[in-house]
Every structure is written in C-alpha cells, then in structure tokens.
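If you're wondering where the values come from, they're calculated on a predicted model, not measured in any experiment. Order of the sequence lines fixes the chain letters, A, B, ..., with proteins taken first and strands second; residue numbering starts at 1 for each chain.
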Protein chains: 2
Amino acid sequence: MTLKDLARELGVSTATVSNAFNRPDQLSPKLRAHILTEARHLGYSGPDARARSLRTGRSRIIAVILAESLTYSLNDAVSSELLSGIAEVLDTRGHTLLLLSGRQNAASVPGASSIADGFIVYGLMPSLKLFSDLPPERPLVAVDFDIEDHATVHVDNEPACYAIARHALRTPTRRPAVINLRLTEQPCNGRIDDDQALLSAERTITRARLAGFQRAFAEAGIDPAEVPMWNIEENTFEVCTPVIEEILDLPEAERPDLLLCMSDRIALTVVTLAEQRGLRIPEDLRLTGFDGIAEGQYRAPRLTTIRQDSTEKGRIAARMILGMEPAESRVMATEMMIGDTCP
Amino acid sequence: MTLKDLARELGVSTATVSNAFNRPDQLSPKLRAHILTEARHLGYSGPDARARSLRTGRSRIIAVILAESLTYSLNDAVSSELLSGIAEVLDTRGHTLLLLSGRQNAASVPGASSIADGFIVYGLMPSLKLFSDLPPERPLVAVDFDIEDHATVHVDNEPACYAIARHALRTPTRRPAVINLRLTEQPCNGRIDDDQALLSAERTITRARLAGFQRAFAEAGIDPAEVPMWNIEENTFEVCTPVIEEILDLPEAERPDLLLCMSDRIALTVVTLAEQRGLRIPEDLRLTGFDGIAEGQYRAPRLTTIRQDSTEKGRIAARMILGMEPAESRVMATEMMIGDTCP
DNA sequence: GCTGCTAACTAAATCGTTCCAGTCCACCCT
DNA sequence: AGGGTGGACTGGAACGATTTAGTTAGCAGC
C-alpha cells in the first residue's frame with residue numbers, strides 16, 4: 001500500500017494525498033479528513049520514511065559516532081549522560097538518534113550513516129580518515145576532542161585539574177601519584193615509565209588534564225617528573241582493577257598517599273579495593289576523581305571530584321547540530337566538589 | 001556528486017559504477033579499481049544511503065523503541081545492558097541502532113521509524129496503538145512484555161521471585177514488605193492500599209514477580225494480603241528516595257525487617273538510606289533485589305538478588321530480528337545470588 | 001460580461017540508487 | 001564456418017515519495 005495506491009483508490013492525485021499528510025493548509029479540511037480516514041482504513045500508515053528522505057534530503061536522524069564500542073559507551077556513566085543530553089534535545093525537536101561505533105567495524109559508519117542529517121562525534125577516533133567518508137555538506141560537531149574545520153565542545157580540563165590538584169596538595173603529601181585514562185599512544189595498562197614519547201599527541205583531553213595536575217605539582221614544589229604515573233586503557237571496573245591492585249599492593253613505604261585519578265570510575269574502583277584492604281580513606285589514602293558521576297556521590301565516602309555536566313554537553317552538541325545555536329567551539333565550566341575522599 | 005555524475009565522468013553506465021561498489025564479481029577488477037580510485041578522487045563517497053534504502057527496501061538499521069524516556073533508558077543499568085547486547089549483535093552484522101522513545105512525543109515513532117528494517121520494543125508502551133503505525137511486514141520482537149502475534153523475550157519472573165522470597169523467609173521474619181516497581185495502573189509513588197483494582201492488568205512482568213513473592217508468603221503461612229506493599233514509579237535514586245524514607249522512618253514497631261524489592265536500584269537506595277540512619281544490614285533489615293546489576297556487587301554489603309542477563313536478552317532479541325535464530329517467544333533462566341543483604 | 005483573484009487540486013519531473021533483461025564480443029569447440 | 005558459452009558492460013524501469021508550475025472553478029468587483 002503506497003501513497004500512489006491510496007490516491008488511485010480515492011480518485012485524487014498523489015500530490016493531494018501527500019499534502020493531506022504534510023501540508024494541511026493546501027487542501028480543504030473535509031477532503032483531508034476523508035483521506036486520512038480512508039488511509040487508516042486501507043492500512044496505509046503514512047508516507048514511507050525512505051522515499052521521503054530521498055526526496056527531501058532529510059531524515060530527521062542524527063548520528064552519534066562513538067570512539068569506544070557501543071557496549072562500553074552504553075554502560076559508562078559519562079557517555080550515557082552525554083547521550084542522554086543529546087537524546088533529550090533531539091526528542092523535543094522530533095529527531096531520532098542513530099548510534100554508531102567508530103571502533104570495530106568502522107565499515108558500518110560510511111555505509112549506513114549517510115542517512116543521517118548530521119553527526120556528533122564523541123571521543124578521539126582511531127581512524128580520523130573516517131570523516132572523509134562522511135558527506136561533507138552535513139553538519140558535524142566534535143565532543144571532547146579537536147578536529148579541524150568543525151565546532152567542538154569541551155570542558156576546561158586543564159584549569160579544573162590544576163584546581164583540584166592544588167586543593168589536594170594543600171594537605172601535606174608525601175607520595176602523590178597520577179592515574180591517567182587513555183593517555184598513551186600505544187595501549188598500556190599499568191605503570192608508565194619515564195619515556196615521555198609514549199604520550200599521545202592526539203589525546204588532547206587527557207594531556208590537558210595531566211598538564212593541570214603537573215602545574216599544581218610544580219607550584220607546590222614537587223618535580224612533576226618524579227610523580228609516578230599509571231595508565232588505564234578503558235574506564236571500567238574490570239580494566240581498572242589489576243592496575244589499582246598493583247598500586248595498592250605496593251610496600252607501604254612506596255604506596256602513594258594521594259591518587260589523582262582521571263575519572264570517577266577509576267576513583268571508585270580505588271575506593272572499593274582500598275576498603276577491601278582495610279585502608280582508611282582519607283587517613284591512609286586520599287584520592288580525587290573526575291566527572292562527578294552520581295554513583296560517586298550516593299554512598300560514603302563521597303568522592304572529591306570535578307563535576308562536569310555531560311548531559312549539558314550533549315544538549316549543546318545537539319543544539320549545534322540542529323542549528324539551534326551557533327556551531328562554534330565552546331569550553332564549558334566545571335565545578336569542584338569536595339567530598340570525603342580528599343577533604 | 002552522485003553515482004550518475006561519476007558514471008558520466010568516467011564514460012561508463014551507472015549500473016557499472018553501482019556494481020563497482022556492490023558486486024565486485026560483475027566487472028573486471030581493473031575497471032573496478034579505476035572506478036574506485038576516480039570516485040575517491042572526485043569526492044564521491046559511495047552510494048547514498050537514502051536512495052539505496054529506497055531502492056533495496058533495506059537500511060541495515062534496527063529501531064529500538066523504549067517505553068521510558070531515552071534519558072532514563074540510557075542511565076538505567078538494566079536497559080543500558082539490554083541495549084549493549086543488542087548493539088553488540090547488530091555491530092557484528094553491520095547493522096546500526098536507532099533509538100526511539102515511545103513515551104513523550106510518540107510522534108517521532110511512526111515518522112522516522114519506518115526507515116528501520118526491524119523493531120525491538122522494550123517495556124510496555126503507554127499507547128499500544130503505536131504498533132499499528134509500524135510497517136506490519138517488518139519483524140518486531142518484544143522484550144519484557146507480551147504482545148500478540150510477535151515473539152517476546154522474558155525471564156522467568158515468577159519462579160525467580162518465588163525462590164528468592166522463599167530463601168528470605170527461611171530466616172524468621174516478623175514484618176516482611178514488598179517494594180514494587182511500576183505495578184499500578186495509575187501512577188502511584190508510595191504505599192499501595194488494599195484496593196487491588198489499582199493493579200494494572202497489563203504489567204505482566206511486575207505481576208509475575210509479585211505473584212512469585214506471594215506464593216512464597218502463602219507457603220510460609222503468611223497471608224499475602226497482610227503484607228504491606230509500596231510502589232515506585234521510576235527506577236531511579238531520586239524517585240525511590242522519598243518512598244524508602246517513608247518506610248525506614250516508620251516507628252520501629254512497624255518498620256519492616258525484610259524488604260523484597262523489585263529492582264537492584266531500589267535495593268541499593270534502601271542500603272544507602274539505611275546506612276545513613278544507622279540501621280544494620282542484615283541484622284536490623286534484610287532485603288533482596290532483582291536484576292543483578294554490577295553496582296550492587298561492587299561494594300559491601302553485596303545485594304542478595306536475582307541476576308538476569310540483560311545483555312544476553314538483548315543479544316537474543318537482536319538475533320531474532322536479524323533472523324539468526326527463530327523468532328519464537330523465549331523465557332530465560334535467572335540465577336539467585338546470595339549476598340550480604342539477606343544471607 | 002469581463003477581469004482578476006483565490007482556493008483547491010493535478011501532472012509530471014525529480015531525488016540517487018539497484019537490478020532485470022539484454023547486447024556485444026571474444027573465444028572455444030566441433 | 002557456425003554455433004554455443006560466458007564474461008563484461010549497458011539501458012532503462014522501478015523504488016515511493018515531494019514539489020513546482022500549472023489548471024480549473026467559483027466568486028467578487030466594476
């Protein structure tokens with residue numbers, strides 16, 4: 001049953017049926033009512049979205065391309081919140097959300113994605129060439145990484161990390177350490193040795209956070225190069241665990257008494273594993289997170305962290321894509337939350 | 001730049017260009033290589049997904065229609081896991097995921113959704129008529145609710161709840177109570193009085209869980225009608241809090257010593273609020289959950305709960321939609337996990 | 001009665017592909 | 001030489017809508 005069939009059946013032109021669905025003002029209310037009734041009656045459920053999108057060039061679909069796997073992105077609090085914010089705005093404007101992962105089979109991206117009216121890209125893609133396959137005339141907004149010729153949405157990573165590190169270092173600290181998230185070029189889950197060449201030039205977010213920490217160290221009279229660093233590859237409990245066990249199981253004389261973590265997930269894993277070992281927080285170990293996820297604030301000890309509003313970040317990106325606000329790069333403010341893990 | 005332009009530019013037919021992209025065996029490797037090179041060179045990034053989907057009738061997009069708002073669904077552990085499982089399967093088969101909410105502006109559903117090749121519907125829709133607007137010839141699988149003429153995927157709610165309640169009632173219990181999730185027809189966030197007419201006939205999942213609890217009560221010599229019940233409208237910390245505060249702040253003589261909760265989110269909220277009040281778990285208060293979400297197992301006290309594999313549920317639904325397994329209704333097994341909250 | 005105007009409706013081109021049904025030609029077999 | 005075969009490529013009709021540029025009919029104004 002197509003629009004054409006319906007038109008023939010009713011003895012009107014296809015244009016009129018089309019208008020009945022799309023432009024009520026173009027035909028008499030009476031005829032329109034008749035058409036809609038008959039349509040329902042004959043089992044025609046409205047114009048086919050495929051044909052419509054071909055003809056009009058718009059689908060009311062926005063694609064979100066995620067650097068990590070969909071499985072990860074859907075389970076991680078920060079990216080879920082981002083998606084939430086995006087979905088919220090799209091929903092109110094009658095758009096829908098197509099989820100794509102840039103990771104594994106990037107094949108699906110150029111394939112299906114050209115259906116979308118616009119693209120929101122989250123996190124650094126492994127293959128930047130991916131973008132050359134996207135239709136260049138459709139809008140693209142990058143979230144949490146930089147890309148030429150497109151608007152990006154960020155938070156103030158460096159100042160935020162400087163501020164929280166500075167706060168943490170006000171308390172006398174003997175052995176501070178940093179747990180990075182996806183800092184290195186090559187996958188590395190564990191201690192980072194001195195070889196600074198390992199640091200990825202592309203991970204601008206992570207570098208900015210680290211730079212903030214290091215500025216505070218320097219200011220506090222600590223040589224940043226002396227501060228031990230670990231790296232974590234994926235922001236999940238499972239991946240964090242072995243690295244953090246390695247840290248907490250160091251001999252007491254080497255064990256850090258302050259851990260600056262690049263995410264709340266990492267910090268929460270530290271809390272869990274520290275509790276299991278009978279370490280007292282903050283007496284034996286102080287720590288800070290980043291993100292301000294809800295889970296970190298539910299139960300004692302509440303995380304000391306930087307709250308970023310990922311939902312709002314998503315809303316902004318979505319509004320930019322829909323042209324509701326100018327698509328120019330934005331840096332969002334964050335808020336330091338002093339919890340129990342580093343008073 | 002379209003396929004036609006490219007064909008003209010190269011002096012070949014459109015059919016040949018199309019074959020170069022879709023059916024390598026239909027033309028000489030040499031010509032194919034030439035076409036692909038020139039395509040890239042002239043800025044043609046492959047066949048337009050919109051036209052293709054119109055012509056072929058397939059888009060490689062599967063729509064997931066969620067009963068709750070997208071914001072909720074993305075933040076809730078259970079539905080995220082379901083989405084994860086779906087995404088995982090779709091990804092490996094080169095399909096993508098379109099997210100739709102059946103809730104607020106159901107308008108977007110009939111509109112954009114007809115682009116999808118198939119539909120997975122999760123949770124009971126407020127307006128069942130919604131489905132009549134979906135193209136009837138495309139496959140549809142329902143998850144966690146029943147709908148005629150379509151395959152559904154469930155867990156064994158009644159036996160699982162019977163088993164956990166039975167386990168809980170082995171310990172002498174003076175005042176058991178049930179905290180339901182979306183049981184009532186009319187929104188009701190708080191105590192449910194005797195009026196059984198309030199119970200929704202459509203919420204088959206919830207009813208099954210309650211039935212399981214009640215069977216165990218009866219068997220233990222407790223009149224199910226005497227067991228106080230509360231209801232919670234949305235499975236979030238924020239919505240749970242006032243109801244649970246109401247329960248925990250009852251005078252000690254009335255306060256339940258066993259809470260059978262229909263979700264881990266509810267149970268976790270109970271843990272948090274009970275801790276704040278200095279109640280000891282399980283000495284002063286025992287409780288059980290449902291779902292087996294990771295968050296409930298990270299930290300002490302670990303929840304006693306029913307673990308359901310939502311990820312696998314998603315995988316199954318996705319495989320049914322893709323025709324990788326027969327689309328016939330399935331009931332999945334669950335597993336009881338004895339944690340610290342009800343040993 | 002003619003003109004001009006508006007509301008209501010229509011004919012036909014178009015969107016960018018895919019794919020069926022050929023056509024053409026080179027080559028092989030007998 | 002003639003017939004058969006198969007590989008390589010093409011023409012053009014769909015797919016199901018939207019939209020532009022009309023056409024008609026009715027009515028008011030002079």
Side-chain angles (χ1 to χ4, degrees), chain A residues 1-36 38-39 42-61 110-117 135-138, chain B residues 1-36 38-39 42-61 110-117 135-138:
Chain A
M1 195 69 194
T2 70
L3 185 145
K4 206 193 213 164
D5 299 334
L6 181 58
R8 191 168 5 80
E9 204 79 25
L10 294 177
V12 298
S13 76
T14 62
T16 301
V17 178
S18 174
N19 284 334
F21 282 96
N22 301 310
R23 307 207 212 166
D25 56 313
Q26 294 292 304
L27 74 175
S28 67
K30 193 178 146 189
L31 178 57
R32 179 169 130 97
H34 179 227
I35 292 176
L36 294 183
E38 280 303 297
L42 295 170
Y44 177 72
S45 44
D48 178 87
R50 292 161 174 179
R52 180 203 291 245
S53 77
L54 170 60
R55 179 58 234 233
T56 62
R58 280 177 303 102
S59 57
R60 306 188 79 80
I61 291 177
S113 68
S114 65
I115 267 193
D117 292 344
E137 71 284 4
R138 302 195 203 151
Chain B
M1 194 69 193
T2 71
L3 185 146
K4 207 189 206 166
D5 298 334
L6 181 58
R8 190 168 5 80
E9 204 79 23
L10 294 177
V12 297
S13 74
T14 60
T16 301
V17 177
S18 174
N19 285 333
F21 281 97
N22 301 311
R23 307 206 209 167
D25 56 313
Q26 293 293 304
L27 74 175
S28 65
K30 194 179 145 189
L31 179 57
R32 180 170 130 96
H34 179 226
I35 291 176
L36 295 183
E38 280 304 298
L42 294 171
Y44 177 71
S45 45
D48 178 87
R50 292 160 173 180
R52 181 203 292 247
S53 77
L54 170 59
R55 178 59 232 229
T56 62
R58 280 177 305 101
S59 57
R60 306 188 80 79
I61 292 177
S113 68
S114 66
I115 261 191
D117 292 342
E137 71 285 2
R138 304 198 200 147

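Look at CZ on B/R50: it is 19 Å from P on D/dG16, rounded to the nearest Å. Rounded to whole Å, atom C1' of C/dT18 lies 15 Å from atom CG of B/L27. Put simply, NZ on B/K30 is 15 Å from C1' on D/dC9, counting in whole angstrom units. Between A/D25 atom CG and C/dA7 atom P there is a gap of 10 Å when expressed in whole angstrom units. Rounded to a whole Å, the CG atom of A/D5 is 8 Å from the P atom of D/dG16. Separating the CG atom of B/L54 from the P atom of C/dC19 is a distance of 12 Å, rounded to the nearest angstrom. Rounded to an integer number of Å, the gap from CG of A/L10 to P of C/dC9 is 12 Å. Going from atom CD1 of A/I35 over to atom P of C/dA8 covers 13 Å, rounded to whole Å.
Of the candidate nucleotides C/dA12, D/dG16, C/dT18, C/dA12 has the atom nearest to the side chain of A/T14. Here D/dT10 is the nucleotide among C/dC9, D/dT10, C/dT17 with the atom lying nearest to any side-chain atom of B/N19. In this structure, of D/dT19, D/dG16, C/dT17, it is C/dT17 that holds the atom nearest to the side chain of B/D48.
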Salt bridge (charged side-chain N to carboxylate O under 4.0 Å, His left out) between A/R32 and A/D25, intermediate numbers included: CA-CA 10 Å; A/R32 179 169 130 97; A/D25 56 313; over 6 Å; no
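With hydrogens and angles ignored, no donor-acceptor pair under 3.5 angstrom links the side chain of B/R55 to the base of C/dT17. Below the 3.5 angstrom threshold, one finds no donor paired with an acceptor across the side chain of B/R52 and the base of C/dT17.
Using a 4.0 Å cut-off, no side-chain N or O of A/T2 falls inside it from OP1 or OP2 of D/dG16. Residue A/Y44 places none of its side-chain N or O atoms closer than 4.0 Å to OP1 or OP2 of D/dG16. The side chain of A/N22 places an N or O atom within less than 4.0 Å of a non-bridging phosphate oxygen (OP1 or OP2) of D/dT18. In this model, the phosphate group of D/dT19 is approached by a side-chain N or O of A/R23 to a distance below 4.0 Å at OP1 or OP2. Within the 4.0 Å cut-off from OP1 or OP2 of C/dC9, at least one side-chain nitrogen or oxygen of A/S28 is found. OP1 or OP2 of D/dT10 has at least one side-chain nitrogen or oxygen of B/T16 nearer than 4.0 Å.
The backbone N or O of A/P135 sits nowhere less than 3.5 Å from a side-chain atom of B/S45 that would complete a donor-acceptor pair. A/S53 places no side-chain N or O within donor-acceptor distance of the main-chain N or O of B/R50, the cut-off being under 3.5 Å. A donor-acceptor pair is defined here as one N or O able to donate and one able to accept, closer than 3.5 Å; such a pair exists between the side chain of A/T56 and the backbone of A/R52.
Closest approach of A/R138 to A/D117, counting heavy atoms only: CB-O, 3.6 Å.
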